[in-house]
Amino acid sequence: MASVPSGLEKGKEKERENGKPVEEVTNQKVKKEGLGWIEWLMGWLTLAYEMLFQRIVASNLENPLPLPPINDLTFIVTGSTSGIGKEVARQLAEAGGHVVMAVRNTKAATDIIKKWQEDWSGRGLPLNIEVMELDLLSLDSVVRFAEAWNARSGPLHALINNAGIFSIGEPQKFSKDGHEEHMQVNHLAPALLSILLLPSLIRSSPSRIVNVNSLMHFLGFVDPEDMNVTSGKRKFTSMMGYSNSKLAQIMFSSVLNKRLPTEAGINVACVSPGIVQTNVARDLPSVIQAAYRLIPFFIFNPEEGSRSTLFAATDPQLVDYCESLKAEDWPVCAFLSHDCRPANPSEEAHNVETAYRVWEKTLELIGLPSDAVERLIEGGEVKCKYGDSQ
């Protein structure tokens, strides 16, 4: 088990100091049109602090992160052919877990597994790892994946929603489902996947859903009636698309965590990996790419960036922490920083009223009924408007 000096039990104290009471947030009456300049400035200062000091803050962590026994546990990791997801999949498999690489490029994943098996040869049993196709730009693909997995009637102990995009500097693009691409890949598709896989997660409880998030959500603002930024009220930028999608993910995750009864045995957490050198950098302007190469000391490599995700997916302390937040009706789900300690997401993430509106709009956009979670918990079925069988 990873050594975290302050322990998860201290997380609530930090949140009580920085967070807002549920009643205060709920009673907000004035509709916000965007972030105030103070929130915007604080968001950028938070990002600057993380970049400059993340190595110092996380100096207590070992690299690679020691994992607790995970033999016979099953993990689905999306976006696991590169970056953080690739490191998470490899380390879980080497620690004895059964890993499913849920990816769009199955050939690349197969080639990666072949190399891992060769490198692992002679060190123990062959890695228990497989590949399944999943394209988050297609909600049909998400439904097909979930149906195929649930049909196995096998265990699922952790769903790790790692895949994401940040098309820096690119114009606004839409998926074939009609959604802004950042919003679909980073929020809508993982939300659909999480709900559709609830039967498998319930069967394997205690289980967990881990969403790889970002401190960029501090710059986000979600209008539930304009999640795809098509109304013309706001000018779209790729940074807006990315930060909004990450904030929407936290809001949705917080409501999902509340909707899941304790007896279901499923906990939901969002994590910040820190500022990491991943394939996102290949989409950056050349000047910023050069800066990335000049400041390697400040930026985590993928192995370092994987630690908070691995901790959230495997550490037994997380279960008690998540359940205590739920028992106290805390407005947000568990949020872990890059140093594997509890952290407080943005002020906007605490907006309970907006979070519930994001929840309702998300279910509408992904084609699920409003009581989908309750039906699945009770052992029933739900129909999604996406998927070949519908």
Side-chain angles (χ1 to χ4, degrees), residues 34 77-86 102-106 108-109 133-146 159-196 211-253 270 273 276 278-285 288-289 358-359 361-368 384-387:
V77 187
T78 69
S80 44
T81 54
S82 65
I84 295 170
K86 182 178 177 181
V103 299
R104 182 172 55 179
N105 189 340
T106 56
E133 184 176 1
L134 174 65
D135 182 1
L136 298 182
L137 278 171
S138 167
L139 296 181
D140 286 334
S141 175
V142 175
V143 174
R144 288 194 298 269
F145 178 95
L159 167 63
I160 302 174
N161 288 311
N162 163 79
I165 60 170
F166 188 2
S167 303
I168 298 178
E170 293 293 319
Q172 189 173 22
K173 297 179 182 178
F174 295 89
S175 70
K176 69 176 185 178
D177 301 310
H179 305 305
E180 192 276 315
E181 288 190 353
H182 291 91
M183 188 60 69
Q184 174 151 336
V185 173
N186 299 344
H187 168 54
L188 296 176
L192 178 59
L193 183 64
S194 298
I195 292 179
L196 294 182
N211 296 311
V212 180
N213 202 264
S214 168
L215 283 189
M216 286 285 290
H217 82 270
F218 272 84
L219 301 177
F221 178 83
V222 181
D223 180 350
E225 300 308 316
D226 189 27
M227 289 178 66
N228 288 310
V229 196
T230 55
S231 67
K233 293 188 296 184
R234 297 176 293 169
K235 182 180 179 181
F236 177 86
T237 65
S238 56
M239 181 171 291
M240 172 193 291
Y242 181 77
S243 57
N244 288 2
S245 67
K246 290 301 185 180
L247 176 60
Q249 183 181 63
I250 295 177
M251 289 179 159
F252 184 89
S253 299
C270 293
V276 185
T278 68
N279 276 358
V280 168
R282 68 186 176 191
D283 298 322
L284 295 172
I288 300 180
Q289 288 192 44
V358 167
W359 167 269
K361 190 64 178 181
T362 297
L363 292 179
E364 176 187 330
L365 294 177
I366 61 180
L368 288 177
C384 179
K385 74 176 185 179
Y386 296 99

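Side chains of Q184 and S175: a donor-acceptor N/O pair is present below 3.5 angstrom, by distance only. With hydrogens and angles left out, the side-chain atoms of T78 and N161 include no donor and acceptor closer than 3.5 Å. Side-chain contact, S141 with D135: no donor N or O sits under 3.5 Å from an acceptor N or O.
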Inset, instruction - Let me see the working for N211 and S253 under side-chain hydrogen bond (donor to acceptor under 3.5 Å, both in side chains), right down to the final yes or no. - result: CA-CA 8 Å; N211 296 311; S253 299; 2.8 Å; yes
Legend entry - L139 and H179: CA distance, side-chain angles, deciding distance, side-chain contact (heavy atoms from CB on, under 4.5 Å) verdict: CA-CA 10 Å; L139 296 181; H179 305 305; 4.1 Å; yes
Legend entry - Working for side-chain hydrogen bond (donor to acceptor under 3.5 Å, both in side chains), residues T362 and H187: CA-CA 9 Å; T362 297; H187 168 54; 2.9 Å; yes
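Within the 3.5 Å criterion, the main-chain N or O of V212 finds a donor-acceptor partner in the side chain of K246. Checked by atom type and distance alone, the side chain of Q172 pairs as donor or acceptor with a backbone atom of N228 at under 3.5 Å.
Taking the six-membered ring for Trp and thresholds of 30 and 60 degrees, W359 and F252 have nearly parallel ring planes, at less than 30 degrees apart. Relative orientation of the H182 and F236 rings is tilted, given thresholds of 30° and 60° on the angle between their planes.
Of all heavy-atom pairs spanning Y242 and I165, the tightest one is CD1-O, 3.2 Å. What you find for N213 and H217 is that their closest heavy atoms are OD1-ND1, 3.6 Å. When all heavy atoms of A191 and I366 are compared, the pair lying nearest together is C-CD1, 4.3 Å. Between V77 and G85, the closest heavy-atom pair is CG1-O, 3.8 Å. Considering all non-hydrogen atoms of both residues, M227 and M183 come closest at O-CE, 3.4 Å. Between C384 and L192, the shortest heavy-atom distance links the atoms SG-CD1, 4.1 Å.
At a threshold of 4.5 Å between non-hydrogen side-chain atoms, the residues M240 and V229 count as touching. Under the 4.5 Å side-chain criterion, counting only non-hydrogen atoms from C-beta, N162 is not in contact with S80. Between E181 and L137, the closest side-chain pair of non-hydrogen atoms falls below 4.5 Å. Looking only at side-chain heavy atoms (C-beta outward), L134 and V103 stay at 4.5 Å or farther from each other. Counting heavy atoms from C-beta on, the side chains of M216 and F166 come closer than 4.5 Å. At least one side-chain heavy atom of E180 sits under 4.5 Å from a side-chain heavy atom of F174.
A salt bridge is absent between D223 and R234; no separation between the charged side-chain nitrogens and carboxylate oxygens falls under 4.0 Å.
Rounded to the nearest 0.5 Å, atoms OG (S138) and NZ (K176) are 3.5 Å apart. A distance of 12.0 Å separates SG of C270 from CE of M251, quoted to the nearest 0.5 Å. Remark: D177 CG to L188 CG distance equals 9.0 Å, nearest 0.5 Å. With rounding to the nearest 0.5 angstrom, the OG atom of S231 is 3.0 Å from the CG atom of D226. In this structure, the separation between CZ on F145 and CG on L193 is 6.0 Å, given to the nearest 0.5 Å.
R104 CZ: 12 or fewer foreign heavy atoms inside a 6.0 Å radius.
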